[in-house]
Amino acid sequence: MTTKERIVEEALNLFSIKGYKGTSVRDIADAVGIRDSSLYKHFENKQEILDTIVETMKRRISDMSDNLGLPPDGKLQEAAEVYAAYDEDAMVEFCRKIFLFYAKDPFVSRFWRMGNMEQFRNPEVYAVFHKFFLVDGLTYQTALFAAMSKKGIFIDEDPEVIAMSFYAPIFFLLSKYANDTEYEASALKLLDKQIRALYRIYRRK
C-alpha cells in the first residue's frame, strides 16, 4: 500500500470514529506515521482527502457490480436483461451479495458509519453520503425498473414505487444492524422475506 493509500485508509478510519470535523490533518498524519508536511505532499487539504475517499467508494461499487456481472451505469437495457434472467431464488441470492458487500466490506462499512454520524454534525459531509446512498441509488433503481416494466418483466407500476420497495429494506437493514456483530443471520432472513415478497408482487406472471 502506498503512502497516499494509507492516508486515505487512516483518514476514513478516523472520520468514522471521530467525525470529519473532529479529525485534524495532524491526527491523520500521526495515524499514518508521517509528518504533517509529508501528508501535504499528497493532498492539499482534508477536503481533498474526503473527495478521494468518495472516488474510492465509487470504484469499489463499480468493482462490485462487475463481479456480480452487472453492466456499468448508463446500460439500463443490458442491466434489465440481467435482472430478467433471475428467478426468485437467484434474485434473493443476488440481493444477499449486495447487502453483505455494503455491510462487510471494510472500506464501505466505515464510509457508511461516517455518513450516518455526520447527519447531525456536518451537513456538508452528510450531503455526500445522502447523494451517494439515497439520491443516486434510488435514481438508478427507478430507471432500471422502468426499463424492466417496458420490457414486460415487471407489471405496469410506478417504477419509483418498485425502486423504493427494493432499495428501502436494504438501506433499513444496513442501518438497523450496522453496529450489531451478530446481525448477519437475522438481517439476511428479513432481507430474504422482503425480496421474495417484492418478486411475487411486481414480477409479471
Rounded distance [0.5 Å steps], [atom1] in [X] versus [atom2] in [Y]:
X    : Y    : atom1 : atom2 : result
I195 : R96  : CD1   : CZ    : 11.0 Å
T52  : L12  : OG1   : CG    : 11.5 Å
L50  : N45  : CG    : CG    : 10.0 Å
M148 : Q141 : CE    : CD    : 9.5 Å
T139 : L134 : OG1   : CG    : 10.0 Å
H130 : D136 : NE2   : CG    : 10.5 Å

**Message:** Going by ring pair (Phe, Tyr, Trp, His ring centres under 6.0 Å), name the residues that satisfy it together with F94, two or more places apart in sequence or in a different chain.
**Reply:**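 Y83, Y86.
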Salt-bridge criterion met for [X] and [Y] (N-O under 4.0 Å):
X    : Y    : answer
R196 : D89  : yes
E118 : R121 : no
R203 : E88  : no

Within 6.0 angstrom of [X] [atom1], more than 12 heavy atoms from elsewhere:
X    : atom1 : answer
K131 : NZ    : no
D87  : CG    : yes
M164 : CE    : no

Are the side chain of [X] and the backbone of [Y] linked by a donor-acceptor contact shorter than 3.5 Å?
X    : Y    : result
Y20  : Q47  : yes
T142 : L138 : yes
K193 : L188 : no
S62  : K58  : no
E5   : M1   : no
D105 : F101 : no
R204 : I153 : no

**Message:** Below 30° counts as parallel, above 60° as perpendicular, anything between as tilted: where do the rings of Y102 and F133 land?
**Reply:**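 Y102 vs F133 ring planes: perpendicular.
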**Asked** So F129 and F171, would you call those rings parallel, tilted or perpendicular, with 30° and 60° as cut-offs?
**Response**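 Ring orientation of F129 relative to F171: tilted.
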Hey, quick one: are [X] and [Y] part of the same hydrophobic cluster, counting side-chain heavy atoms closer than 4.5 Å, chains of contacts allowed?
X    : Y    : result
I17  : V125 : no
V161 : L198 : yes
F154 : L144 : yes
V135 : M57  : no
I155 : Y167 : yes

**Asked** What's the verdict on side-chain contact (heavy atoms from CB on, under 4.5 Å) for L39 and V32, showing C-alpha distance, side-chain angles and the deciding distance?
**Response** CA-CA 9 Å; L39 186 146; V32 177; 5.7 Å; no
Non-hydrogen atoms of [X] and [Y] that approach each other most closely:
X    : Y    : answer
A103 : S109 : O-CB, 3.7 Å
A146 : P159 : N-CB, 3.5 Å
L173 : A187 : CD1-O, 3.6 Å

**Item:** salt bridge (charged side-chain N to carboxylate O under 4.0 Å, His left out) pairs, two or more places apart, involving residues 7-35
**Value:**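 Output for this query lists E9-R110, K18-D27, R26-D36.
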**Request:** Carefully, step by step, assess K41 and T3 under the rule side-chain contact (heavy atoms from CB on, under 4.5 Å).
**Result:** CA-CA 10 Å; K41 293 178 182 178; T3 300; over 6 Å; no
**Message:** What verdict does the side-chain contact (heavy atoms from CB on, under 4.5 Å) test give for Y202 and S149, after you've listed the backbone C-alpha separation in whole Å, the side-chain angles of each residue and the deciding distance to 0.1 Å?
**Reply:** CA-CA 9 Å; Y202 294 113; S149 292; over 6 Å; no
Are [X] and [Y] side-chain neighbours, meaning at least one heavy-atom pair lies under 4.5 Å?
X    : Y    : answer
I34  : I7   : yes
K104 : E184 : yes
E44  : Y40  : no
F43  : V25  : no

**Message:** For F111 together with F132, are the ring centres under 6.0 Å from each other?
**Reply:**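 Distance test on ring centres: under 6.0 Å, yes.
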**Prompt:** Could you walk me through whether W112 and S175 pass the side-chain contact (heavy atoms from CB on, under 4.5 Å) check?
**Reply:** CA-CA 9 Å; W112 179 274; S175 298; 3.4 Å; yes
